[in-house]
Amino acid sequence: MLIVMRKTADERAQEEIKSYLIERGFDIHQSTGANRVIIGVIGDTQNIPEADIEAFPGVLQVVRIAKEE
């Protein structure tokens with residue numbers, strides 16, 4: 001799963017979503033670009049509803065990565 005943060009998302013918004021994911025046993029990888037922050041979620045994210053993640057402040061988009069068969 002990839003979480004794309006809004007340009008206006010502050011550090012607090014990023015920390016809030018990262019804490020939520022880490023508390024649930026996921027590893028994360030943050031990529032900070034000139035205009036966006038992307039948080040990669042490592043682990044089985046099937047049971048996390050996209051709407052739950054989208055509800056966090058500062059989240060622009062949630063992208064699921066399909067499982068390879």
- [ ] Mind checking the CE-CG spacing from Met1 to Asp44? Nearest 0.5 Å is all I need.
- [x] 10.0 Å

Open item on the list: What I'd like to find out is whether the side chain of Ile42 reaches to under 4.5 Å of the side chain of Phe26, using heavy atoms alone.
Closed with: no

Task: Atom of Glu16, atom of Pro57 and distance for their closest heavy-atom approach - done: OE1-CG, 4.0 Å

Open item on the list: Show, in sequence, the C-alpha distance, side-chain angles and deciding distance for Asp52 and Tyr20, and conclude whether the side-chain contact (heavy atoms from CB on, under 4.5 Å) test is met.
Closed with: CA-CA 11 Å; Asp52 287 1; Tyr20 171 85; 4.2 Å; yes

Open item on the list: Membership question, hydrophobic clusters at under 4.5 Å side-chain separation (ILVMFWY): are Ile53 and Leu2 in the same one?
Closed with: no

Open item on the list: Taking Phe56 as the starting point, is it possible to reach Ile38 by hopping between hydrophobic residues whose side chains are less than 4.5 Å apart?
Closed with: no

Task: Least distance between heavy atoms, Arg36 atom then Met5 atom - done: CD-O, 3.3 Å

TODO: Any chance you could measure Gln46, atom CD, to Arg64, atom CZ, to the nearest 0.5 Å?
DONE: 7.5 Å

TODO: Output, in order, the C-alpha distance, side-chain angles, deciding distance and verdict of side-chain contact (heavy atoms from CB on, under 4.5 Å) for Val59 and Gln61.
DONE: CA-CA 6 Å; Val59 173; Gln61 183 180 13; 6.0 Å; no

Open item on the list: Set out, in order, the CA-CA distance, both residues' side-chain angles and the distance that settles salt bridge (charged side-chain N to carboxylate O under 4.0 Å, His left out) for Glu15 and Lys18, then state yes or no.
Closed with: CA-CA 5 Å; Glu15 289 303 319; Lys18 288 190 288 187; 3.1 Å; yes

Open item on the list: If you compare all heavy atoms of Gln14 against all heavy atoms of Ile39, which two are closest, and at what distance to 0.1 Å?
Closed with: O-CD1, 4.5 Å

Task: Flag side-chain contact, heavy atom, 4.5 Å: Asp27 against Leu21 - done: no

Task: ILVMFWY network linking Ile28 to Ile17, side-chain heavy atoms under 4.5 angstrom - done: yes

